[in-house]
Amino acid sequence: MLTLDFHPTGRHFLQIPGPSPVPDKVLRAMSLPTIDHRGPEFAALGLKVLGDMQQVFKTRQPVMVYPSSGTGAWEAAMVNTLSAGDHVLMYETGHFAALWNKLALRLSLKTEVMALPGPDAWRYGVRADLIEERLKADKAHSIKAVCVVHNETSTGVTSDIAAVRRAIDAAKHPALLLVDTISGLAGADYRHDDWGVDVSISGSQKGLMLPPGISFNVPSARAIAASQQATLPKAFWAWDEMIEMNKTGYWPTTPNTNLLYGLSEACDMLLAHGLEVVFARHQRWAEGVRAAVKAWGLLIQCADPAVYSPILTGVMMPEGVDADAVRKIIHERFDCSLGTGLGKIKGRMFRIGHLGDTNDLTLLGALAGCEMGLKLAGVKLAGAGVQAAMDHFSSHAAAKPLRQAA
Ligand SMILES: *Cc1c(COP(=O)(O)O)cnc(C)c1O
């Protein structure tokens, strides 16, 4: 018999970088009865969430919501804007960028992977200067799209998307800019319009604090124009019918009604707190977690402080220590889930998520689990990480307190 014990005692510490902990308020909103998706009430919900998500993406463009995981939104972005054999530049920051490249190959696109040389390639963000150089060399404008991951969830690196846009403009190149902000959105600053992104791609189960199951595309006017010429087959993912139907608050196919209730609630929370407050909160949590990792004497996967992720931190293991063995101890003994190393860094590092419904004390609990688990696994720690994080959180008050007297 399959036994799923959701509550051995106390709350499970879901510290993977997505799916992230979902606020009870959002879970409760999702438990409301499913309504007629062609009825009058639905349109009000549809228009509300589409409007809210424009604020979250910082855009005036239409936001599209698919009933799929993030991977579906990658595919939607490509099949709507590209044609078979199109040359696309895929910047490899880590495992998710590599998976996106694999998807592009399956779609019969001709991909060119740009990556830093050497074993430390996955420790840095996107080098916009290299993109600029490559685009300048592409005199025939054969490259149709530049694809970059905003927050590389496999490593904990948040790349500078505005710099990529400046690079494309400096090269005077017409390539479209496709950005995966599946884990970046609503945890790190993101500006679809200001940054000149042509297609933004996101998902529900990371910064938006929702369960997995819905994903997003936001096009630019140029991307919409490209979608009218692009010839990769598209049916379910086609933007045209979606944009048309969404104008009245409806979808061409059955939308994920209950997840949209959750999305409405999550947007209310994010927008009531204010996105800038939410971003600052994540930055501060990330600082506390990094203080712990540094005190342990371990290396952070991201080697460039300018692009440390506010959403997750990758912790590298000393030579000879299996990161998954450490994770297993922490899970079994302390009921805390940490992110596994992905792709070529599997076993070499684990990831601590600091996103979703969390706070200082939750993170301190998770760090305590890590510290105990590391010691149990025989890792020699230089010092007390939990103490360093406590010192950080107590000496750096959040810009906006979580609670204030009325
Ligand atoms: C989670 C994630 C994905 C994959 O999304 P799925 O929902 O698993 O399909 C892609 N890119 C990034 C950066 C992610 O964090």
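Order of appearance sets the numbers: ligands from 1, and atoms from 1 within every ligand.
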- [ ] Kindly say whether the aromatic ring centers of His282 and His354 come within a distance under 6.0 Å.
- [x] no
Task: Identified side-chain hydrogen bond (donor to acceptor under 3.5 Å, both in side chains) partner of Asp268 from the options Lys48, Lys25, His273 - done: Lys48
Open item on the list: Taking the cut-offs as 6.0 angstrom to the six-membered ring centre and 45 degrees off its axis, would you call Lys294 and Tyr308 a cation-pi pair?
Closed with: no
TODO: Answer yes when Asp169 and Arg166 have at least one side-chain N-carboxylate O distance shorter than 4.0 Å, and no when they do not.
DONE: no
Open item on the list: Would you say Ser227 and Asn80 are linked by a side-chain donor-acceptor pair, where the criterion is simply a distance under 3.5 Å?
Closed with: no
Open item on the list: Between Tyr250 and Gly39 (side chain of the first, backbone of the second, donor and acceptor by atom type, cut-off under 3.5 Å), is there such a pair?
Closed with: yes
Task: Within the 4.0 Å heavy-atom sphere of ligand 1, strictly under, residues - done: Ser69, Gly70, Thr71, Trp74, Phe96, Val149, Asn151, Thr153, Asp180, Ile182, Ser183, Gln205, Lys206
